[in-house]
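Have a look at the structure below before the remarks.
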Amino acid sequence: MIAMLGNLIITMLIIQAPQLHTPMYFLICNLSLLDMSFISVTVPKLLAITKTDMNVLSFKECISQMYFFIATANIESFLLTSMSYDRYVAICNPLLYPLIMNRVSCLFLTVASWLLGFLNSLLLSLLTSNLSFCKSKIINNFFCDLKALLNMSCSDTTLIQTIILVDNFIIGFFPSSLTLTSYAYIISSVLKIHSTEGRHKAFSNCTSHLTILFLFYGTALCLYMVPNAENSQTKDSILSFIYVALIPMVNPLVYSLRNKDVLGALSKVTGWNKAHRISFKNKI
Ligand SMILES: *[C@@H]1O[C@H](CO)[C@@H](O)[C@H](O)[C@H]1NC(C)=O
């Protein structure tokens, strides 16, 4: 609920406040929208299972859950990369920023993220839906996870495993190294700032972004790049939980609610800004 509420507030605020209509906030708004979808794919079913003990789901439900899970996770990876690139240009190339991050390139980054995510997920889900599952019908996770399904299958999974390997590079390794490189440049230019206060502020922003990125790519890496171990269920479930519930919850806090522009817009929209009200009274 915290995740849904936080992301809903951010989305509404960015749509409402004209001063937040910049590439950075469009990307953040896209991320918030995505986080709400990401959390809706797995958590409601998990809550239903814990509440009612009805831990059965049909194969169709399972494949659709997997489809949306892979799609949203992939899009998240691309959006986080786009956001770090946006910050890299803004901090390291401020003069070229309006030229590089214009409306068109921002639209391109977001549309490409959503499209690639859905296409890749379609491919993996179609291939998985054609496998046969004769060994066991018990999923060792709290949602329909591709890795768990592949472990249960008795068909030949070489093709899917190969695609996953390629995916790991395109969706995991490449974006995460791009992101880390952007932040390496950002940190090196932050260190060149002379005022201690400015450096401190920029640094605290960078470190909170980096924490999210390490959490996201770190858990994804541990979950999908490490070879299957038979008795790693508990570890996988804990990591999956960080991945599906914790990250969407802390994203809005880290990317927006600590931000002065967002807080300013929030106080304007909600009318919490007392100074504003006093000046209004004086005018009357
Ligand atoms: C997502 O990003 C695009 C590109 O900047 C923007 O036009 C669109 O309004 C954003 N969507 C949301 C819901 O924020």
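FYI, the numbering just counts along the sequence from 1. Indexing begins at 1, ligand by ligand and atom by atom, following the structure's order.
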Donor-acceptor under 3.5 Å (S155 side chain, S132 main chain):
yes
May I ask you to test the I100-Y85 pair for a side-chain heavy-atom distance under 4.5 Å?
yes
Evaluate the side-chain proximity of E76 to I247: yes if any heavy-atom separation is below 4.5 Å, no if none is.
yes
Nearest non-hydrogen protein atom, atom 5 (O) of ligand 1
C106 SG, 3.2 Å
Are L210 and L180 packed together at the side-chain level, in the sense that at least one heavy-atom pair is separated by less than 4.5 angstrom?
yes
Under a 4.0 Å heavy-atom limit, does N30 contact ligand 1 with its side chain, its backbone, both, or neither?
both
If you have a sec, work out which protein heavy atom is nearest atom 13 (C) of ligand 1 and how many Å separate them, to one decimal?
L33 CD2, 3.8 Å
When you measure from the side chain of N30 to the backbone N and O of F26, does any donor-acceptor pair fall under 3.5 Å?
yes
Considering heavy atoms of the protein only, find what lies nearest to atom 14 (O) of ligand 1 and give residue, atom and distance to 0.1 Å.
C29 SG, 2.9 Å
Given ring pair (Phe, Tyr, Trp, His ring centres under 6.0 Å), test Y183 with Y88 step by step and report yes or no.
CA-CA 7 Å; Y183 273 95; Y88 159 71; 9.8 Å; no
Near L107, which atoms of ligand 1 are under 4.0 Å from a heavy atom of that residue?
3 (C), 4 (C), 7 (O)
Backbone, side chain, both or neither: what part of T110 comes under 4.0 angstrom of ligand 1, heavy atoms only?
side chain
Please state which protein non-hydrogen atom is closest to atom 7 (O) of ligand 1 and give its distance, to 0.1 Å?
R103 NH2, 3.4 Å
